[in-house]
Amino acid sequence: MAQSPALLFLLLFIFATKTIESTQIFFPRATHQSLIKQAKDPKLSIPYKTQFFPQLLDHFTFQPQSSKIFYQKYLINDHYWEHGAPIFVYTGNEGNIEWFAENTGFMLDIAPKFRALLVFIEHRFYGESLPFGKDSYKSAKTLGYLNSQQALADFAVLIQSMKNLLSEVSPVLVFGGSYGGMLAAWFRLKYPHVALGALASSAPILQFDDITPWTSFYDAVTQDFKDASQNCYEVIKGSWAELQAVSEQKGLAELSRSFRSCENLHSMYSARNWLWTAFVYTAMVNYPTEANFMMPLPAYPVREMCKIIDGFPPRATKLSRVVAAASLYYNYSRTEKCFKIENATDAHGLHGWDWQACTEMVMPMTCSKDSMFPPSTFDYKAFSEQCMRKYGVLPRPHWITTEFGGNRIEQVLKRFGSNIIFSNGMQDPWSRGSVLKNISASIIALATEKGAHHVDFRSATKEDPDWLVEQRRQEVEIIQRWINEYHSDFK
């Protein structure tokens with residue numbers, strides 16, 4: 001099975017202190033022809049129609065190139081919608097928009113109650129929303145139009161155009177998870193005249209500068225595994241040294257065999273990243289029910305991984321245990337005879353995140369000595385040099401907090417912002433970089449002890465635990481209150 005090449009959902013660069021190798025962590029009825037361009041073959045397995053909107057390349061300058069048009073993809077469902085009823089918009093993140101629609105059943109679940117129109121807007125430079133077609137990733141000259149501010153402006157223009165055609169009185173609420181959740185929160189702050197409110201799930205808007213401790217992400221991953229089994233934590237922590245030793249003493253051929261690689265490995269770091277990815281993503285999607293977001297996985301997959309590790313005989317090597325545990329992530333379906341560890345495919349169209357991580361989305365992360373991962377520091381100089389080599393640009397590490405804020409967020413948003421829900425599950429390592437306490441009566445934090453990465457956005461099932469049912473109930477109640485207040489203002 002090909003591993004996902006970047007984080008959903010945020011790709012980050014961490015540089016180990018003792019090596020120059022980097023570890024990449026994974027991290028409606030609008031038929032007016034001037035508004036849409038019908039998709040030829042949507043191939044959707046979800047109840048949405050596919051449309052394309054003629055979008056401006058550059059919203060912020062008036063250069064000749066600025067007025068270039070590209071077609072931005074969006075998905076729409078008007079099955080429950082009534083004129084004047086709310087419009088629920090998902091602010092797309094770093095990947096194909098269908099992927100997010102398929103994994104955001106919550107919006108579809110609540111649409112009948114609100115008679116809502118559902119819209120999922122694809123982020124520029126992802127999926128089919130490519131401003132320069134196949135040349136969109138050609139160089140910094142084209143990629144320079146890929147940033148969060150342009151994406152937010154895209155959303156605003158499309159939403160306003162849709163409201164002008166359909167219903168100017170309909171309140172708009174934006175939803176987003178992970179990076180999409182960051183965009184939803186920022187959209188409410190930047191475009192309060194367009195969106196009445198935002199539900200930002202697992203949105204690490206405080207993961208910048210030194211607002212959140214740099215070790216927090218990997219501390220959280222470590223705690224998830226430690227809570228499942230102390231022995232599991234110790235085995236994983238000790239496996240990295242074994243991996244290094246096997247590579248040095250027995251060579252890459254032995255590693256290739258041990259990891260069941262489809263092809264001979266060219267680097268020990270490929271094997272290390274394969275393990276690292278499995279543990280990080282499994283902690284992120286430690287859902288209480290079976291799911292197929294990043295990969296098909298059982299309920300509470302961290303616990304199941306640790307059962308595998310703890311079930312080995314005492315004399316088994318740590319490396320054999322962690323490879324078996326990681327195989328749960330890559331092969332829970334038991335259909336893979338070998339693993340494509342190097343040169344993996346980009347199944348969800350995430351590769352544009354490399355550019356964003358090298359420009360504005362600079363989120364420093366380190367591993368402490370107590371982490372189950374090897375200790376590391378963040379070397380900004382090395383990070384910058386890598387970005388310069390790859391793209392010819394330097395990162396702007398403080399741009400996000402300059403543009404959107406983050407420091408002293410409680411004091412700032414208490415007087416400035418309103419109508420944002422920050423929902424989090426504390427087993428999600430990204431929760432540490434989000435808003436975890438209420439800021440005001442309308443900027444609300446809903447955190448669950450056992451929740452994982454935007455688990456509240458998943459479709460409701462009969463197996464959902466009571467705490468998840470309650471979290472969603474509170475979200476619906478708050479959204480209803482915002483809409484009631486909106487209509488009350490017109491009376």
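Atom set for the values below is all heavy atoms of this structure, side chains included, hydrogens, waters and symmetry mates excluded.
Classification of the Y191-H193 ring pair by plane angle, with boundaries at 30° and 60°, yields tilted.
Separating the CH2 atom in W430 from the CE atom in M284 is a distance of 7.0 Å, to the nearest 0.5 Å.
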H453/S178 under side chain to side chain donor-acceptor pair (under 3.5 Å): CA gap, chis, key distance, verdict:
CA-CA 8 Å; H453 203 51; S178 195; 3.1 Å; yes

Could you go through T215 and T366, starting from their C-alpha distance and side-chain angles, then the distance that decides it, and tell me whether this counts as side chain to side chain donor-acceptor pair (under 3.5 Å)?
CA-CA 5 Å; T215 64; T366 61; 5.2 Å; no

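Among pairs with a residue in residues 412-428, none fulfils salt bridge (charged side-chain N to carboxylate O under 4.0 Å, His left out), at least two apart in sequence or across chains. Contacts classified as salt bridge (charged side-chain N to carboxylate O under 4.0 Å, His left out) and involving residues 161-187 (residues at least two apart or in different chains) are not found. Each salt bridge (charged side-chain N to carboxylate O under 4.0 Å, His left out) pair with one or both residues in residues 147-161, not counting sequence neighbours, appears once here: R124-D154. Note on residues 132-152: no pairs pass salt bridge (charged side-chain N to carboxylate O under 4.0 Å, His left out), not counting sequence neighbours. Every pair passing side chain to side chain donor-acceptor pair (under 3.5 Å) that includes a residue from residues 433-447 is listed here, sequence neighbours excluded: N424-S434.
In this structure E263 satisfies the salt bridge (charged side-chain N to carboxylate O under 4.0 Å, His left out) test with no other residue, sequence neighbours excluded. Under the salt bridge (charged side-chain N to carboxylate O under 4.0 Å, His left out) criterion, R481 pairs with no residue, sequence neighbours left out. Remark: T401 pairs with F208, D209, I211, H398, N407 by the side chain to side chain contact (heavy atoms under 4.5 Å, CB included) rule, at least two apart or across chains. Not counting sequence neighbours, the partners of N292 by the side chain to side chain contact (heavy atoms under 4.5 Å, CB included) test are P296. Listed by chain and residue number, K190 satisfy the salt bridge (charged side-chain N to carboxylate O under 4.0 Å, His left out) test with E403 (two or more places apart in sequence, or in another chain). Qualifying side chain to side chain contact (heavy atoms under 4.5 Å, CB included) partners for T359, counting only residues two or more places apart in sequence or in other chains: W355, V393. Under the side chain to side chain contact (heavy atoms under 4.5 Å, CB included) criterion, P131 pairs with L57, F70, F125, S136, sequence neighbours left out.
Considering W81, F120, F114 as possible partners of F88, the one that fulfils the ring pair (Phe, Tyr, Trp, His ring centres under 6.0 Å) test is F114.
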